[in-house]
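Some notes on the structure that comes next.
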Amino acid sequence: MISKKLENAINKQINEEIFSAYLYLSMGAYFHSLNLDGFAVWMKAQAREEMSHAMKFFTFLNEMDGRVSLLAVKEPEKNWKSPLAAFTAVSRHEQYITGCIDELFRMAGSEKNFPTQIMLQWFIKEQVEEESTAAKIVFKLNQIKDSVSGLWILDKELGGRQVNS
Ligand SMILES: [Fe+2]
Ligand SMILES: [Fe+2]
């Protein structure tokens with residue numbers, strides 16, 4: 001039901017999603033170290049969401065009679081210059097992930113693997129949301145600049161995040 005090439009590419013994507021979880025968990029630790037616990041709550045929720053993405057690919061590959069193969073997870077960065085630098089990195093990382101999903105979609109298309117394309121549609125929509133959310137927070141942090149009170153207000157807002165997947 002699935003080619004070796006596509007199976008390998010989905011296994012690579014499982015690794016990318018787990019790395020995303022690892023990166024955001026590392027950012028959560030960074031924000032806790034700054035006593036920005038609301039930012040940390042947001043990052044930990046984001047990490048759980050990335051693990052759920054990894055599991056969607058894991059489940060799909062099994063359903064398609066493929067073999068899940070887990071690869072080594074890279075060590076994430078641990079420090080950023082500022083909350084703005086961290087969220088700029090989130091934004092860039094999500095753009096990179098969008099590129100990976102797009103490439104998978106193209107590969108599934110060239111193999112006429114329609115179930116994989118349909119599965120990937122969820123991720124294509126999800127990436128629009130991920131990029132937009134990150135861009136909005138980067139925008140707010142740019143406006144906040146060095147305002148401590150602004151940072152605390154955003155910390156309170158981000159701390160209210162609920163996990164919905
Ligand atoms: Fe993801
Ligand atoms: Fe993401």
How long is the gap from CE on Met64 to OG on Ser3, to the nearest 0.5 Å?
9.0 Å

To the nearest 0.5 Å, what is the distance between OG (Ser91) and CD (Glu130)?
11.0 Å

Distance from Lys156 atom NZ to Leu151 atom CG, nearest 0.5 Å?
14.5 Å

Could you report the tightest heavy-atom contact between Gln13 and Cys100, atom names first, then the distance?
OE1-CB, 3.3 Å

Using the rule that Ile, Leu, Val, Met, Phe, Trp and Tyr join whenever any side-chain heavy atoms are under 4.5 Å apart, tell me whether Leu34 and Val148 fall into a single cluster.
yes

I'd like to know if Leu71 and Phe19 are part of one continuous hydrophobic network [Ile/Leu/Val/Met/Phe/Trp/Tyr, side-chain heavy atoms within less than 4.5 Å].
no

Is there side-chain contact between Gln46 and Met27, with at least one heavy-atom pair below 4.5 Å?
no

Let's go through Asp37 and Phe31 carefully: what are the C-alpha distance in whole Å and the side-chain angles of both, what is the deciding distance for side chain to side chain contact (heavy atoms under 4.5 Å, CB included) to 0.1 Å, and is it a yes or a no?
CA-CA 6 Å; Asp37 292 336; Phe31 281 119; over 6 Å; no

Verify same cluster id: Leu23, Leu25 (apolar side-chain graph, 4.5 Å)
no

Residues Tyr24 and Met43: closest non-hydrogen pair is O-CB, 3.3 Å

Phe58 vs Ile10 side-chain heavy atoms within contact, under 4.5 Å
no

Connected via hydrophobic side-chain network under 4.5 Å: Tyr96 and Val90
yes

Salt bridge present between Glu17 and Lys56 (N-O < 4.0 angstrom)
no

Side chains of Arg67 and Leu61: does their closest heavy-atom pair fall under 4.5 Å?
no

Is any side-chain heavy atom of Met107 closer than 4.5 Å to one of Gln117?
no

Tell me the closest heavy-atom pair linking Val41 and Gly159, and the distance in Å.
CG1-O, 3.6 Å

Could you please spell out the steps behind the side chain to side chain contact (heavy atoms under 4.5 Å, CB included) verdict for Leu70 and Ile14?
CA-CA 8 Å; Leu70 297 178; Ile14 291 173; 4.0 Å; yes

Side chain to side chain contact (heavy atoms under 4.5 Å, CB included) for Thr59 and Glu63? Distances and angles first, verdict last.
CA-CA 6 Å; Thr59 303; Glu63 280 172 353; 3.9 Å; yes

Can you tell me how far the CD1 atom of Ile144 sits from the CD1 atom of Ile153, to the nearest 0.5 Å?
8.0 Å

Short side-chain to backbone donor-acceptor contact, Gln127 and Glu94, under 3.5 Å:
yes

To the nearest 0.5 Å, atom CG of Leu120 lies from atom CD of Glu103 at 11.0 Å

Show the nearest heavy-atom pair for residues Ile97 and Glu16, with the distance to one decimal.
CD1-CB, 4.0 Å

Specify the closest pair of heavy atoms between Pro76 and Ser26, including all atoms of both residues, with the distance to one decimal.
CG-CB, 3.8 Å

Check whether any side-chain heavy atom of Trp122 sits under 4.5 Å from a side-chain heavy atom of His53, and report yes or no.
yes

Can you name the residues that form a side-chain contact (heavy atoms from CB on, under 4.5 Å) with Leu158, not counting sequence neighbours?
Phe39, Trp42, Phe87, Ile137, Leu154

State whether the side chain of Asn15 and the backbone N or O of Ala54 hold a donor-acceptor pair below 3.5 Å, judged by distance alone.
no

Drop me the distance from Thr116's OG1 to Ile2's CD1, to the nearest 0.5 angstrom.
4.0 Å

Regarding Glu131 and Thr98, is there a side-chain donor-to-acceptor distance under 3.5 Å anywhere?
yes

Scanning both residues in full, the closest heavy-atom pair of Asn113 with Met1 reads ND2-O, 3.3 Å

Are any side-chain N or O atoms of Tyr22 and backbone N or O atoms of Glu75, one a donor and one an acceptor, separated by less than 3.5 Å?
no

Worked check of ring pair (Phe, Tyr, Trp, His ring centres under 6.0 Å) between Phe123 and Phe57
CA-CA 10 Å; Phe123 282 95; Phe57 283 112; 4.1 Å; yes

Could you walk me through whether Ile18 and Met51 satisfy the side chain to side chain contact (heavy atoms under 4.5 Å, CB included) test, starting with their C-alpha distance in whole Å, then the side-chain angles of each, then the deciding distance to 0.1 Å, before giving a yes or no?
CA-CA 6 Å; Ile18 293 174; Met51 276 310 294; 4.0 Å; yes

Mind running salt bridge (Lys or Arg N to Asp or Glu O under 4.0 Å) on Glu49 and Arg161 for me, showing each step along the way?
CA-CA 12 Å; Glu49 208 175 281; Arg161 176 175 176 176; 2.9 Å; yes

